[in-house]
Engineer: 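Structure incoming, see below.
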Amino acid sequence: MARAADAARRASDQRGWLLSLPALILLFLAASGPLIVVLIYSFLSPGQYGNVVWNFSLDGWRGILFSRDIFDDTLVLADAHLTIFWRSVWLSVMTTVITFAIGFPTAWFIATRPPAQRAMWLFLITIPFWTNLLIRTFAINEVIRNEGLLNSLLIWTGITERPIQIVYTDTAVLIGMAYVYLPLMVLPLFAAIDRFDLRLLEAGYDLYASRGQVLRRIILPIVKPGIVAGSILVFVPSLGAYVTPRVLGGGKNMMIGNFIELQFTQGRNWPLGAALSMMLLLIVMGALLIYVRAANRGTDPHG
Amino acid sequence: MEPTVTISARHVVKAFGQGSSSIRALDDVSVDIRRGEFFTLLGPSGCGKTTLLRLIAGFEAPTAGEILLDGADITRLPPNRRPVNTVFQSYALFPHLTVAENIGFGLRMQRRPAAEVKATTERMLALVKLDTLAGRRTSQLSGGQQQRVALARALAPAPKVLLLDEPLSALDLKLRKEMQIELKRLQMETGITFIFVTHDQEEALTMSDRIGVMSNGQLQQVGTPREIYTTPMNRFVAGFIGETNFLAGTAGPGAVVLQGGARVVAEHDRTGAVTLAIRPEQVRIVPAGEDGAIPARVRDLVYFGTTRIII
């Protein structure tokens with residue numbers, strides 16, 4: 001009896017697989033196909049006017065860290081590249097930290113409103129998504145440029161005599177990315193805080209915890225899944241950001257995204273661009289691994 | 001020796017809302033709770049008993065009046081600086097901590113040495129008979145077990161007063177009976193003053209040393225279960241505690257004449273219109289015409305296992 005039922009279940013499992021096969025094939029091709037192309041390109045030689053030549057070469061990968069000296073053809077460490085990587089990681093980490101610092105109180109505020117008001121606040125948070133990213137970034141530019149809103153205000157109130165150079169600096173990129181990615185931090189944090197049982201706060205105070213201890217020992221550990229989700233949602237796109245550093249950082253303050261674009265256009269070095277893309281992917285995967293490890297440590301495996 | 005007072009509420013008023021629309025949850029409540037006693041605040045929901053408990057815990061500040069602990073004014077002290085712990089109705093256990101970590105939480109917050117935290121946690125686990133579940137998450141426990149963790153967690157820092165906010169209301173009848181006995185045992189073993197809030201009069205009568213009956217934000221009567229039951233101060237107390245028959249009548253010398261004309265012999269010092277409260281178990285059914293009997297008709301019999309209710 002049991003064996004027959006088992007066989008029937010197995011047969012229906014197999015049918016399930018067969019039915020989902022077309023979707024799986026499509027998913028595999030759409031998700032992995034372009035990645036595989038990029039991976040192959042990273043091991044080829046650059047063509048003279050862009051494109052690639054079908055010649056196996058590790059120069060693309062080597063080019064990530066080293067550049068060939070024009071005169072004696074020796075490999076030297078490309079510190080300009082390292083600066084770009086470092087800036088990308090540093091700006092992304094800072095963006096995550098800033099969005100958390102602003103997003104946590106915001107999410108807490110929304111989650112503690114009466115239910116009828118919450119929808120309105122969440123709605124307000126999502127309004128920036130209605131406008132194109134490029135337009136929002138130019139709007140930020142309008143605010144912080146030398147003749148922009150902020151500097152005009154500072155000069156008018158007499159706080160400074162000359163405009164402060166914000167635009168085309170790392171600070172400008174940071175402001176822009178923090179603004180753009182803030183909703184991505186607020187929403188998962190809100191979801192986590194919304195589930196948080198506020199009565200636990202009283203239990204904490206009752207058991208001699210100070211306000212700081214309640215935050216550190218009770219609130220943060222319990223809403224940690226939301227913090228991790230928000231950080232991933234902010235950190236990953238920050239690392240690959242293209243529009244914001246392009247518009248607010250000018251030509252000099254490149255991030256990895258701009259550097260990759262450069263290889264496919266003026267640089268005419270598609271293999272290097274492909275290798276850089278793969279490396280970005282690896283950095284993201286590594287960062288995710290660290291995050292998830294840290295998140296799982298000490299939390300309930302049973303949910 | 002005169003029993004010493006632990007918690008003393010003096011003319012406590014708590015109003016919610018502002019101006020004319022404000023509601024007085026507590027209206028001039030004064031009560032002294034003695035050291036080491038099991039004191040129960042009893043009343044229907046919305047009578048202000050939980051509000052009084054929250055004021056003692058420090059979660060809310062009174063609008064007027066003061067609260068003393070061992071003679072010292074603690075009215076403005078935040079909850080984390082009062083040697084008073086609470087067992088919450090919802091238990092409010094920390095879901096990210098194990099049973100043992102929950103129990104040790106208060107001690108760790110007080111920065112007690114690690115060895116002491118460990119020893120006390122183990123003692124508490126044994127006290128509430130949860131030794132084998134020390135490493136479990138609280139979400140893996142049954143309601144009764146969670147209840148014990150909440151108790152152990154509140155008892156671990158050895159508070160001067162333990163506040164219990166309807167802690168048994170979420171348990172089924174059988175478990176509730178067990179926990180009533182368990183609570184009484186814990187109270188006697190630890191010698192800590194328990195202030196217990198409930199709307200269940202039976203729970204109050206079986207466990208308490210003294211009961212404070214509340215309604216409409218006021219303390220109606222404070223006394224031992226026997227006093228409350230046998231000599232209720234007013235109609236509310238008589239009606240809320242146990243089953244009671246109310247009979248309207250007129251007081252005369254040595255007796256009360258009921259509206260139907262029957263005379264009930266009673267010692268009293270009242271005159272005019274009175275209400276007679278008679279406990280059903282004090283009624284004896286006798287043949288009509290016997291001395292002192294009131295004529296009555298049996299309308300229905302309800303079978304109740306060991307007893308029968310005559311209506």
Side-chain angles (χ1 to χ4, degrees), chain A residues 100 104 107-108 111-117 188-232 290-303, chain B residues 50 53-54 56-60 77-99 101-112 117 124 135-141 146 149-159 161-165 167:
Chain A
F100 177 72
F104 189 82
W108 186 271
T112 50
R113 288 314 93 189
Q117 278 180 32
L189 278 180
F190 165 78
I193 296 172
D194 192 37
R195 280 197 305 271
F196 180 79
D197 182 356
L198 292 173
R199 290 173 294 196
L200 295 180
L201 300 182
E202 282 189 350
Y205 290 134
D206 188 61
L207 291 161
Y208 313 109
S210 63
R211 293 174 75 87
Q213 282 171 322
V214 167
L215 180 68
R216 273 200 320 279
R217 307 294 291 272
I218 299 171
I219 299 173
L220 290 181
I222 294 176
V223 302
K224 197 154 114 186
I227 299 174
V228 171
S231 300
I232 290 173
I290 295 169
Y291 267 143
V292 174
R293 281 269 174 78
N296 280 345
R297 203 185 315 124
T299 46
D300 188 354
H302 301 272
Chain B
T50 295
L53 202 72
R54 291 174 61 80
I56 297 172
F59 298 133
E60 274 160 61
L77 224 51
N80 56 336
R81 290 172 56 197
R82 298 186 185 199
V84 172
N85 289 144
T86 309
V87 177
F88 295 88
Q89 187 171 14
S90 63
Y91 311 150
L93 299 177
F94 302 125
H96 60 301
L97 302 178
T98 63
V99 168
E101 285 166 344
N102 261 285
I103 294 172
F105 188 86
L107 295 164
R108 285 202 306 281
M109 291 302 111
Q110 287 180 320
R111 301 187 194 288
R112 305 269 183 87
V117 174
M124 286 297 143
R136 291 276 189 95
R137 296 272 166 193
T138 54
S139 55
Q140 296 167 279
L141 303 182
Q146 291 188 8
V149 176
L151 262 170
R153 185 180 70 174
L155 283 171
V161 178
L162 187 75
L163 308 175
L164 303 105
D165 184 9

Engineer: Do side-chain atoms of B/His96 reach the backbone of A/Arg217 as a donor and acceptor pair under 3.5 angstrom?
Structural biologist: yes
Engineer: Which residues from residues 101-108 of chain B are near chain A, with near meaning under 4.5 Å between non-hydrogen atoms?
Structural biologist: B/Phe105, B/Gly106, B/Arg108
Engineer: Which atom names give the shortest non-hydrogen contact between A/Tyr208 and B/Asn80, and what distance separates them?
Structural biologist: CD2-O, 3.4 Å
Engineer: Applying ring-ring contact (aromatic ring centres under 6.0 Å, His included), can you list everything that pairs with B/Tyr91, at least two apart in sequence or on another chain?
Structural biologist: none
Engineer: Does A/Arg113, at its CZ atom, have more than 12 non-hydrogen atoms belonging to other residues, nucleotides or ligands within less than 6.0 Å?
Structural biologist: yes
Engineer: For a quick test of reading the model, state the closest non-hydrogen atom pair linking B/Thr86 to A/Asp206 and the distance between them.
Structural biologist: N-OD2, 2.6 Å
Engineer: Any sub-3.5 Å donor-acceptor pair from B/Asn85's side-chain atoms to A/Leu207's backbone N or O?
Structural biologist: no
Engineer: Can you list the residues that meet the side chain to side chain donor-acceptor pair (under 3.5 Å) rule with A/Ser210, with sequence neighbours excluded?
Structural biologist: A/Gln213
Engineer: Identify all side-chain donor-acceptor contacts of residues 189-203 of chain A below 3.5 Å with residues at least two apart in sequence or on another chain.
Structural biologist:
unit_1   : atom_1 : unit_2   : atom_2 : d
A/Asp194 : OD1    : A/Arg118 : NH1    : 2.9
A/Asp197 : OD1    : A/Arg199 : N      : 3.0
A/Asp197 : OD1    : A/Arg199 : NE     : 3.1
A/Asp197 : OD2    : A/Arg199 : NH2    : 3.4
A/Glu202 : OE1    : B/Arg54  : NH1    : 3.0
A/Glu202 : OE2    : B/Arg54  : NH1    : 3.3
A/Glu202 : OE2    : B/Arg54  : NH2    : 2.6

Engineer: Please rank B/Ala57, B/Ala154, B/Ala150, B/Ser90 by heavy-atom pairs under 4.5 Å with chain A and give me the top one.
Structural biologist: B/Ser90
Engineer: To the closest 0.5 Å, what do you measure between CD1 (A/Ile222) and CZ (B/Phe94)?
Structural biologist: 7.5 Å
Engineer: Quick one: which of B/Pro159, B/Pro79, B/Gly58, B/Ala156 has the most heavy-atom pairs under 4.5 Å with chain A, could you say?
Structural biologist: B/Pro79
Engineer: Is chain A contacted by the side chain of B/Leu163, its backbone, both, or neither, given a heavy-atom distance below 4.5 Å?
Structural biologist: neither
